[in-house]
Amino acid sequence: MADESYRESEVDGTIVKWDPDQMRKIQEHPCYSEKASHTFGRAHLPVAPKCNVQCNYCVRKFDCVNESRPGVTSEILNPEQALQKIRDIVAEHPYIKVVGIAGPGDPLYNEATFETFRLIHENFPDLILCVSTNGLLLPDKIDLLEKYGVSNITVTMNALDPDVAAQIYQFINYQGKRYDSGREMGELLIEKQLEGIRLAVERKMLVKVNTVYIPGVNDSQILEIAKKISSMGVYIHNIIPLIAQAKFAHLKPPTMEEKLAMQELCKPYVKQMSHCQRCRADAVGCLGKDINPCTGHKSE
């Protein structure tokens, strides 16, 4: 389905139109537009090492220059270093239109995230700023994100049923309290994710929801997530096959056929992203054609 067919959405019985500024941020963002992924690039700034949620499929590592997956980076930057990195990248690669913070932990759990966004917004106001989060702190931090010009939000949401969520996460930390598994943990995380998405859409931010497809665990949840986020005004849904590692190392990832079938089920409700490259926390360049963060050369 072409991007043009998503210029308006029905939310709670009301037709919502995407305004020209939102359309620019769709058409120049490689994750929101497959066409843009061939023309425009993004730069992820690895300034956020701490995380407040432990997913059973997540391994966060440093100095993993040969791995290309979320949660890995060759270095951690402070905000001033991140600003200088963007100065250098934009000067050499003007096709970079998006600056994102996607870890290697949860950006909203790291104060350096907000100082970095402040510096980038003040010095490069035309760049599109985006953040990828588990959503637990999104309602608490949404005002700061808006203040610093963050317009594109990705929330990783893997379940609507708290009991299913309890199978996916080992623990969460919220406001100084640790919740170790169980329904209470799942309820809190899902509540905050949905509230954060609602608040972001109200502020005319563009929202992408990532869902990790975990066979035998959340198969029944993915279509329900698609229906729910469609009703909330989410622009695009990204179904990501499980990388079998950590506590889920014993599970079998979905096949390509299974993933495509799930996307077909969800497509009538919300636009599906089909070109995801599962980017590193320090990825720079066009999707699938990253510039090595250390050498400046393109990776094959």
Side-chain angles (χ1 to χ4, degrees), residues 3 6-7 16-33 35-48 73 76-103 106-133 137-155 196-197 199-208 233-236 279-287 290-291 293 296:
D3 285 348
Y6 286 90
R7 284 188 178 272
V16 176
K17 294 183 180 293
W18 306 104
D19 66 29
D21 185 56
Q22 287 177 309
M23 287 308 303
R24 179 185 76 83
K25 291 170 181 174
I26 291 169
Q27 293 168 345
E28 293 185 1
H29 197 305
C31 296
Y32 285 70
S33 165
K35 183 178 179 181
S37 72
H38 302 295
T39 308
F40 299 113
R42 81 295 186 227
H44 286 177
L45 297 174
V47 299
T73 180
I76 296 294
L77 305 176
N78 65 39
E80 291 72 23
Q81 290 170 328
L83 175 62
Q84 185 57 50
K85 190 178 187 73
I86 291 303
R87 290 190 198 279
D88 296 341
I89 288 171
V90 171
E92 187 173 356
H93 307 286
Y95 64 88
I96 299 292
K97 298 294 184 181
V98 176
V99 173
I101 300 178
D106 188 78
L108 305 189
Y109 194 55
N110 292 260
E111 289 305 314
T113 294
F114 304 99
E115 177 62 9
T116 301
F117 278 140
R118 183 187 71 81
L119 291 172
I120 302 298
H121 184 51
E122 289 179 357
N123 288 273
F124 297 92
D126 292 332
L127 289 177
I128 298 169
L129 301 185
C130 70
V131 67
S132 182
T133 175
L137 287 177
L138 188 52
D140 301 339
K141 302 296 185 179
I142 194 77
D143 290 338
L144 271 179
L145 294 174
E146 184 178 35
K147 178 180 179 180
Y148 297 138
V150 180
S151 61
N152 294 55
I153 311 285
T154 294
V155 179
I197 291 170
L199 292 170
V201 171
E202 283 181 359
R203 286 161 171 74
K204 302 188 74 174
M205 296 173 173
L206 291 160
V207 180
K208 173 165 71 75
V234 166
Y235 179 75
I236 193 167
C279 301
R280 293 165 52 102
D282 58 359
V284 177
C286 289
L287 296 191
D290 285 326
I291 303 161

Grab the two heavy atoms, one from [X] and one from [Y], that are nearest each other, plus how far apart they are.
{"X": "His44", "Y": "Pro46", "answer": "O-CD, 3.5 Å"}
{"X": "Ala112", "Y": "Pro79", "answer": "O-CG, 3.7 Å"}
{"X": "Thr113", "Y": "Pro107", "answer": "OG1-O, 2.7 Å"}
{"X": "Ala102", "Y": "Ser132", "answer": "CB-CB, 3.9 Å"}
{"X": "Ala200", "Y": "Val207", "answer": "CB-CG2, 3.8 Å"}

Could you state the interatomic distance from [atom1] ([X]) to [atom2] ([Y]), rounded to the nearest 0.5 Å?
{"X": "Glu115", "Y": "Ile120", "atom1": "CD", "atom2": "CD1", "answer": "10.0 Å"}
{"X": "Ile96", "Y": "Phe124", "atom1": "CD1", "atom2": "CZ", "answer": "12.0 Å"}
{"X": "Ile101", "Y": "Thr154", "atom1": "CD1", "atom2": "OG1", "answer": "13.0 Å"}
{"X": "Leu108", "Y": "Ile153", "atom1": "CG", "atom2": "CD1", "answer": "7.5 Å"}
{"X": "Thr133", "Y": "Asp106", "atom1": "OG1", "atom2": "CG", "answer": "3.5 Å"}
{"X": "Leu119", "Y": "Arg87", "atom1": "CG", "atom2": "CZ", "answer": "8.5 Å"}

- Task: Before giving the answer on side chain to side chain contact (heavy atoms under 4.5 Å, CB included), spell out for Ser151 and Leu129 the whole-Å C-alpha distance, their side-chain angles and the decisive distance to 0.1 Å.
- Result: CA-CA 6 Å; Ser151 61; Leu129 301 185; 5.6 Å; no

- Query: Can you name the side chain to side chain donor-acceptor pair (under 3.5 Å) partners of Gln84, sequence neighbours left out?
  - Reply: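 With neighbours one apart ignored, the set is Asp88.
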
- Task: Go through the steps to decide whether Lys141 and Phe114 satisfy the test side chain to side chain contact (heavy atoms under 4.5 Å, CB included), and finish with yes or no.
- Result: CA-CA 9 Å; Lys141 302 296 185 179; Phe114 304 99; 3.8 Å; yes

Taking the side chain as every heavy atom from C-beta outward, state whether [X] and [Y] have any atom pair closer than 4.5 Å.
{"X": "Leu206", "Y": "Val234", "result": "no"}
{"X": "Lys85", "Y": "Leu77", "result": "yes"}
{"X": "Leu145", "Y": "Leu138", "result": "yes"}

- Check each of Thr116, Asn110, Asn78, Ile76 against Val47 using the side chain to side chain contact (heavy atoms under 4.5 Å, CB included) test, and report the only one that passes.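 Testing each of Thr116, Asn110, Asn78, Ile76 against Val47, the sole residue satisfying side chain to side chain contact (heavy atoms under 4.5 Å, CB included) is Thr116.
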
- Item | Passing option when Met205 is tested against Ile197, Val131, Ile142, Asn152 for side chain to side chain contact (heavy atoms under 4.5 Å, CB included) |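 Going through Ile197, Val131, Ile142, Asn152 one by one, the side chain to side chain contact (heavy atoms under 4.5 Å, CB included) with Met205 is satisfied by Ile142 alone.
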
- Message: Val99 vs Ile128, test: side chain to side chain contact (heavy atoms under 4.5 Å, CB included). Steps then yes/no.
- Response: CA-CA 6 Å; Val99 173; Ile128 298 169; over 6 Å; no

- Message: Could you work out, with salt bridge (Lys or Arg N to Asp or Glu O under 4.0 Å) as the rule, every residue matching Arg203, not counting sequence neighbours?
- Response: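 Once residues adjacent in sequence are excluded, the partners of Arg203 under the salt bridge (Lys or Arg N to Asp or Glu O under 4.0 Å) criterion are Asp143, Glu146.
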
